[in-house]
Protein chains: 2
Amino acid sequence: MKVDKETKSANREALLSAASRLLRERGVDGVGVAEISQAAGLTHGGFYRHFPSKEALVGASVERTLMETAERASGVVAEDGLDAFAHTYLSAAHLKDPAAGCALAALGGDMARQGGEVRAAYARGVRAYLGTLAPPGRPDRADNLKKLAALIGAAVLARGLAGVDDALAAEIVSAVREDRQAFKRD
Amino acid sequence: MKVDKETKSANREALLSAASRLLRERGVDGVGVAEISQAAGLTHGGFYRHFPSKEALVGASVERTLMETAERASGVVAEDGLDAFAHTYLSAAHLKDPAAGCALAALGGDMARQGGEVRAAYARGVRAYLGTLAPPGRPDRADNLKKLAALIGAAVLARGLAGVDDALAAEIVSAVREDRQAFKRD
DNA sequence: TGTACATCAGTGAACGCGCGTTCACTGATGTAC
DNA sequence: TGTACATCAGTGAACGCGCGTTCACTGATGTAC
């Protein structure tokens, strides 16, 4: 049965929210339309009243997730600096819960294999993300880009090693995180 | 029909070699047993005379691929230093051809979602890889781990942005690659 | 404001398809004598 | 060295399953009068 406009809008948000978490947790190929719809309280049939395809949802979800996390990250950086952000980024809490964390680390590897629509949405998200954490034009732009690349690389490695070589994961994390030379300034 | 021992052994190598390329190109969920078998010159039925499951193949392939690339990388570093390695790692040739490149960048994101068997094999490969590029015990170990993390993060980002924001991809690459402070020493 | 009705969000069965895996079978291999 | 035969690598059909997507249908919504 038809639902009112607010309900429809809330359902769309629920789909995006469920997709955001599930995609980061399982990867693009690891989660299906039916499961995302169910997590949002719909059946898979209803899904197609909101998005023309899974690809469209993935694009919209990735872009929005990056925008949201960029905003959150930006707050941390503004308040406590990039050093504090690095610490949070490589915290056990973040590494253990990819579903709620940075989409660049969780989905970056998948993005190289997606179609144009998803890639374009991803690029917009990355620009927003890097735009707030390493603002273009600033003299420290390149330096910050390098730090962010190290954070992402370390998170990817640490998550892959979690549970099978925690000592090595910890060593990588502390090499990237606790380097005073790299993360002290600002 | 049965084949002789050398043929069997060659077929196993062909499976591992095909898997190595296809997995890096498409990801673990993006390629199937049938396609890998076909690329190796077998039908999917024959596959199971070599590996008990897809998971077993993925584990063996990832571990071997990391060992091989570690050896190659080690040669570059020994001859020209980590600075030269970084340059090669972030070259257009490497970024454009994940199927022949570093498995950490191509498959790192997938590894966090694999089962224990694959993760354990992955961890052995990573230890070998990092063992040659950032030998444990050396005073520059942490420094080198950080550089490698930055290389991997930059490669993941640049590949995701390729074709949709090449300018940003290039900026990230040059921020990580051409930083004389970070990569000049040795 | 009240009514008649076109719209359309959501349901759930069904579609074709590719997945990982199994299995009966074939016939060359390699061993036992 | 020659022969008889058990082994087993590889084939291709078949399995159950889940995927993304479509579709006929339902009935509440919201608009036209």
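Just so it is clear: chains get the letters A, B, ... in the order the sequence lines come, proteins before strands, and each one is counted from 1.
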Side chain of [X]: nearest nucleotide among [options]?
X       : options                : value
B/His44 : C/dG20, D/dT21, D/dA13 : D/dA13
A/Arg49 : C/dT21, C/dA9, C/dT11  : C/dA9
A/Lys5  : C/dT21, D/dG30, C/dA14 : D/dG30
B/Val3  : D/dG20, D/dA9, C/dA9   : D/dA9

inquiry  = So B/Tyr48, base contact, sugar-phosphate only, or nothing? Heavy-atom distance under 4.0 Å.
reply    = base

request  = May I ask you to say what B/Gly32 touches in the nucleic acid, namely base, sugar-phosphate or nothing, with a heavy-atom cut-off under 4.0 Å?
outcome  = sugar-phosphate

query = Of B/Asp4 and A/Thr7, whose nearest nucleotide on DNA chain C comes first from the 5' end?
reply = A/Thr7

Residue closer to the 5' end of DNA chain C, B/Val31 versus A/His50 (nearest nucleotide) = A/His50

task = Would you mind checking if B/Arg141 and A/Glu171 are paired as a salt bridge, meaning a charged N to carboxylate O distance below 4.0 Å?
result = yes

query = If you measure from the Lys or Arg side-chain nitrogens to the Asp or Glu carboxylate oxygens, is any gap between B/Arg24 and B/Asp97 under 4.0 Å?
reply = no

request  = From the options B/Arg21, B/Lys54, B/Arg26, select the one residue that forms a salt bridge (charged side-chain N to carboxylate O under 4.0 Å, His left out) with B/Glu35.
outcome  = B/Arg26

For [X] and [N], what is the distance between atoms [atom1] and [atom2] respectively, to the nearest whole Å?
X       : N      : atom1 : atom2 : result
A/Ile36 : D/dG18 : CD1   : P     : 17 Å
B/Glu35 : C/dG18 : CD    : P     : 12 Å
B/Leu42 : D/dA9  : CG    : P     : 12 Å
A/Leu15 : C/dA9  : CG    : P     : 13 Å

request  = Return no unless some side-chain N or O of A/Lys2 is found under 4.0 Å from OP1 or OP2 of C/dT7.
outcome  = no

message = Set out, in order, the CA-CA distance, both residues' side-chain angles and the distance that settles side-chain contact (heavy atoms from CB on, under 4.5 Å) for A/Leu104 and A/Met111, then state yes or no.
response = CA-CA 9 Å; A/Leu104 294 180; A/Met111 289 301 111; over 6 Å; no

